[in-house]
Colleague: 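My questions all concern the structure below.
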Amino acid sequence: MTEPRDVVEQQLAAYNSHDLDAFLATYAEDVTIRRTDGSLLQGRPALRDTYAGQFTEGRCRAEIAGRLTEGDWVVDHEIAHGLSPEPLRVLVAYRVRDGLIDRVDFLG
């Protein structure tokens, strides 16, 4: 069985290399993502639509400032680069079930 931290690390590596297919492969088909503005993304197609442009442009990269894990959950303190003039600091909670990320909550 794949450990949740390993799945999230695979997702991060795909994000940083702008590999959209590898990125999407770490998510469940029916993934739910709660963004900091309160909006929801639901399902892999919405995830593809949201990330395709920034991956194509190669303008996104994230580094992990800290990571906590408990059961199915991985919480990363991320520093995101390339999405705004200054790096963004955010907490992101990932729930991994059956080897795939099925829920993401952006916290701040």
Side-chain angles (χ1 to χ4, degrees):
M1 180 170 193
T2 305
E3 291 293 319
R5 84 177 79 221
D6 296 335
V7 175
V8 172
E9 189 61 33
Q10 290 168 4
Q11 177 265 164
L12 176 68
Y15 181 87
N16 284 340
S17 66
H18 312 117
D19 185 337
L20 186 58
D21 291 330
F23 179 74
L24 293 172
T26 63
Y27 288 90
E29 285 291 336
D30 61 349
V31 63
T32 298
I33 299 173
R34 289 172 179 79
R35 298 162 66 169
T36 55
D37 65 4
S39 65
L40 288 177
L41 292 177
Q42 294 194 275
R44 275 191 195 165
L47 201 57
R48 178 180 292 280
D49 292 346
T50 299
Y51 285 90
Q54 68 191 39
F55 276 37
T56 299
E57 294 170 12
R59 63 178 170 91
C60 56
R61 180 177 61 81
E63 62 182 285
I64 305 304
R67 175 172 282 165
L68 297 170
T69 62
E70 184 64 42
D72 293 341
W73 288 94
V74 177
V75 179
D76 282 348
H77 179 197
E78 297 183 8
I79 303 170
H81 302 272
L83 303 176
S84 66
E86 295 296 320
L88 300 173
R89 300 177 74 86
V90 64
L91 294 176
V92 187
Y94 300 91
R95 184 175 68 188
V96 178
R97 296 223 169 126
D98 298 322
L100 295 171
I101 300 165
D102 74 339
R103 178 176 166 181
V104 179
D105 294 306
F106 284 86
L107 310 167

Colleague: Using the rule that two of Ile, Leu, Val, Met, Phe, Trp, Tyr join whenever any of their side-chain heavy atoms come within less than 4.5 Å, decide whether V75 and V92 are in one cluster.
Modeller: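 Result: no, two separate clusters.
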Colleague: Hey, what do you get for CG (D72) to CG (D98), rounding to the nearest 0.5 Å?
Modeller: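 Spacing of CG (D72) from CG (D98) equals 9.0 Å.
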Colleague: Can you measure from OG1 (T56) to CZ (R59) and round to the nearest 0.5 angstrom?
Modeller: 10.0 Å
Colleague: Mind checking whether L41 and L107 sit in one hydrophobic cluster, side chains of I, L, V, M, F, W, Y counted as touching below 4.5 Å?
Modeller: no
Colleague: Measure the spacing between CD of Q10 and OG1 of T26 and express it to the nearest 0.5 Å.
Modeller: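 It is 7.5 Å, given to the nearest 0.5 Å.
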Colleague: Side chain of Q11, backbone of V8: donor and acceptor closer than 3.5 Å?
Modeller: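 A pair under 3.5 Å: yes.
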Colleague: One pair to check against side-chain contact (heavy atoms from CB on, under 4.5 Å): F106 and I33. What are the steps and the verdict?
Modeller: CA-CA 8 Å; F106 284 86; I33 299 173; 3.7 Å; yes
Colleague: When you look at CZ of R103, are more than 12 heavy atoms from neighbouring residues, nucleotides or ligands closer to it than 6.0 Å?
Modeller: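 Enclosed.
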Colleague: Looking only at heavy atoms, what is the nearest atom pair of G99 and V7, with distance?
Modeller: O-CG2, 3.5 Å
Colleague: Nearest 0.5 angstrom please: E63 CD to I79 CD1, how far?
Modeller: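 Spacing of CD (E63) from CD1 (I79) equals 4.0 Å.
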Colleague: Got a list of side-chain donor-acceptor pairs under 3.5 Å for residues 12-19, not counting sequence neighbours?
Modeller:
residue	atom	partner	partner atom	Å
N16	OD1	A62	N	2.7
N16	ND2	A62	O	2.9
S17	OG	A13	O	3.0
S17	OG	A14	O	3.3
H18	NE2	C60	O	2.6
D19	OD1	D21	N	3.4
D19	OD1	A22	N	3.0

Colleague: Around E57, counting heavy atoms of other residues, nucleotides and ligands shown, do more than 12 lie under 6.0 Å from its CD?
Modeller: yes
Colleague: Apply the test side-chain contact (heavy atoms from CB on, under 4.5 Å) to residues I64 and E78: give CA-CA distance (whole Å), side-chain angles for both, the deciding distance (0.1 Å), then the verdict.
Modeller: CA-CA 5 Å; I64 305 304; E78 297 183 8; 3.7 Å; yes
Colleague: Hey, quick one: are L20 and L47 part of the same hydrophobic cluster, counting side-chain heavy atoms closer than 4.5 Å, chains of contacts allowed?
Modeller: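 In one cluster: yes.
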Colleague: Please report the interatomic distance CD1(I101) to OG1(T32), rounded to the nearest 0.5 Å.
Modeller: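 One finds 13.0 Å between CD1 of I101 and OG1 of T32.
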Colleague: Does R48 reach the main-chain N or O of L24 with its side chain, forming a donor-acceptor pair under 3.5 Å?
Modeller: no
Colleague: Salt bridge or not between R95 and D102? Use side-chain N to carboxylate O under 4.0 Å.
Modeller: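 Judged by the 4.0 Å cut-off on N to carboxylate O distance, R95 and D102 do form a salt bridge.
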Colleague: Strictly distance-based, threshold 3.5 Å: is any side-chain N or O of S39 a donor or acceptor partner for the main-chain N or O of R35?
Modeller: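 Such a contact is absent between S39 side chain and R35 backbone.
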Colleague: Mind listing the closest non-hydrogen atom pair of A28 and L100 along with its distance?
Modeller: N-CB, 3.7 Å
Colleague: Should Y51 and V31 be counted in the same cluster of Ile, Leu, Val, Met, Phe, Trp and Tyr side chains packed under 4.5 Å apart?
Modeller: yes
